[in-house]
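We name chains A, B, ... by the order of the sequence lines, and we start the count at 1 in each one. Quick note: numbers below take in every heavy atom, side chains included, and nothing from hydrogens, waters or symmetry partners.
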2 protein chains.
Amino acid sequence: MPHTALERRRARLQQPHCQTCSLASLCLPLALQLEDLDQFDAIIRRRAPLKKGEMLFRQGDAFTSVFAVRSGSLKQVTSVGGEEQLTNFYLPSELVGLDGIDESSYPGSMVALETTTVCEIPFDRLNSLAEDLPELRLQLYRSMSKEMRDDRRMIRLLSRKTADERLASFLTGLSERFRRRGYSAYSFRLSMSRADIGNHLGLAVETVSRILGRFQSQGLVAVSGREVNILDLDTLAQLAEGEGCI
Amino acid sequence: MPHTALERRRARLQQPHCQTCSLASLCLPLALQLEDLDQFDAIIRRRAPLKKGEMLFRQGDAFTSVFAVRSGSLKQVTSVGGEEQLTNFYLPSELVGLDGIDESSYPGSMVALETTTVCEIPFDRLNSLAEDLPELRLQLYRSMSKEMRDDRRMIRLLSRKTADERLASFLTGLSERFRRRGYSAYSFRLSMSRADIGNHLGLAVETVSRILGRFQSQGLVAVSGREVNILDLDTLAQLAEGEGCI
DNA sequence: CGACGTCTTGAAACTAATCAAATCCTGTGG
DNA sequence: CCACAGGATTTGATTAGTTTCAAGACGTCG
């Protein structure tokens, strides 16, 4: 327990708050006024960081909260009949757990891909706050709607795209998400293994590896382990949209 | 304009209302009390039935409303770069248009597969009503959450299942949806073409046709044109879950 | 330094797509 | 009511893209 004013201030500064969070403009409180932000911030529970491989929640756990990613990254893994399906990756500012509302349990486990911190937002409190704050309610709808859109994009990818197009999509998608979060769109580190990528894109590990190799020999990217440099984003984006044959 | 009391009453009875709708227990007003139901009913706009092939809305149209299917069925078609992707089919009591909230435009066209009637629910009015009716708000979250879950199931289907498993999944899924709506789980008519099914499942038309034929010769179903009789739901369900090889 | 997990590469096998053509419906007009 | 046109569906043969199996290279963490 801090005793002096200085110590209290220091503790307060260390304790993260939406008001000082660099992701606030991308996150759920996006549309809130400063005075509403305080209310929102008050319901957030901070969590100890998750280590690589640790789970935020397990498939089937009772749904109690949604979570905003602060740093690091997560994968959602749904296990059905022994097989595991990786349905999504989540980066900072993204909201996870929303698909648990319907059946009041989480439909998949959420696993940290690296050291990861999250803000926990108890859903009942979020819901009552949403009653009073129309902007928050709308933003919550938007988050869900956006996730539905992303899922549809994924469905299109899986049902129509070739392996090359899938990998190109994956890389350009990540690039865009990093860019929007203020990181380089051209140079980043993959926090997930080739196996994770393959699982997510519906491809065998070997195929992922081969195609990444091919992209490299075509001068589209430079890959070294998990470090990625995108050399020709335009061509990659064309490929991703199935315009490789024009 | 009706003149007599009798005519007015007749008109009122013909005009559909949530209070008398047989789908109310599956639809958005699911959780509402009778007095709240009136409020909800008041914001609904009835629509002239759509004929087969007509569109409820087009891809890119401004998002204004969500719609509940009353009778018939719809398909959602997203067109990207000339190619069309059929992302979902919708049956009575299901809610369509929710994925338009995020970018305030519909991400795909909604096309009637047969003569179809819908209830239009203007979103701004739904949203303000949801402010006052916690049950409605929760049901709205649930609808979206459920759609996310369904999309994830679809992702799993496309990324891990063989053509046989996909068809089996499709048939058992339809069967279950019909059952829950009070229709036969074993005998129904497909409102969509083989091409639609193929597009939805990420398969070529020929593959759909072939596998349906194979299922028939295996005694799993009896198919005649678009009429389907499910003869062995258990085996079909096992197949759908990838347990065909046990 | 060595062991284990991750990643890459090669060859063979298989699934489903594509191409091609016949047959079956469905709605329409004579 | 029947014939016909056009689309929808089925069936067959071939081909292409990915997976699977197998094995070796790389990296990294004790």
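Remark: R194(B) pairs with no residue by the side chain to side chain donor-acceptor pair (under 3.5 Å) rule, at least two apart or across chains. The side chain to side chain donor-acceptor pair (under 3.5 Å) test applied to S169(B) returns K161(B), not counting sequence neighbours. For S184(B), there are no side chain to side chain donor-acceptor pair (under 3.5 Å) partners, not counting sequence neighbours. Taking E103(B) as the reference, R149(A) meet the salt bridge (Lys or Arg N to Asp or Glu O under 4.0 Å) condition, with sequence neighbours excluded. The side chain to side chain donor-acceptor pair (under 3.5 Å) test applied to R58(A) returns no partner, not counting sequence neighbours. With sequence neighbours left out, D232(B) forms a salt bridge (Lys or Arg N to Asp or Glu O under 4.0 Å) with no residue at all.
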Considering only nitrogen or oxygen atoms on both sides, find all protein atoms under 3.5 Å from nucleotides 22-28 of chain C and state each distance.
none

What N/O pairs connect the protein and nucleotides 23-30 of chain D at under 3.5 Å? Give each pair on its own line.
none

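Applying the ring pair (Phe, Tyr, Trp, His ring centres under 6.0 Å) rule to pairs touching residues 200-219 of chain B yields F89(B)-H200(B), sequence neighbours excluded. For the side chain to side chain donor-acceptor pair (under 3.5 Å) condition, the pairs that include at least one residue of residues 209-221 of chain B, sequence neighbours left out, are D164(B)-R214(B).
In this entry the distance linking CZ of R160(A) with C1' of dG17(D) reads 16 Å, nearest Å.
Ring centroids of F67(A) and F57(A) are separated by less than 6.0 Å, placing the two rings close together.
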Nucleotide-level pairing of DNA chain D, given in dot-bracket where Watson-Crick and G-U pairs need both distances under 3.5 Å and | marks other strands: ||||||||||||||||||||||||||||||
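By the neighbour-count criterion of 12 heavy atoms within 6.0 Å, atom CZ of R46(A) is densely surrounded, having more than that number from other residues, nucleotides or ligands. Atom CZ of F178(B) sits in a crowded spot, with more than 12 heavy atoms from other residues, nucleotides or ligands closer than 6.0 Å.
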Base versus backbone protein contacts along nucleotides 4-18 of chain C [heavy-atom cut-off under 4.0 Å; B, S, -]: ---SBBBB----SSB
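Of the possible polar contacts, one joining the Q59(B) side chain to the S79(B) backbone as a donor-acceptor pair under 3.5 Å is found.
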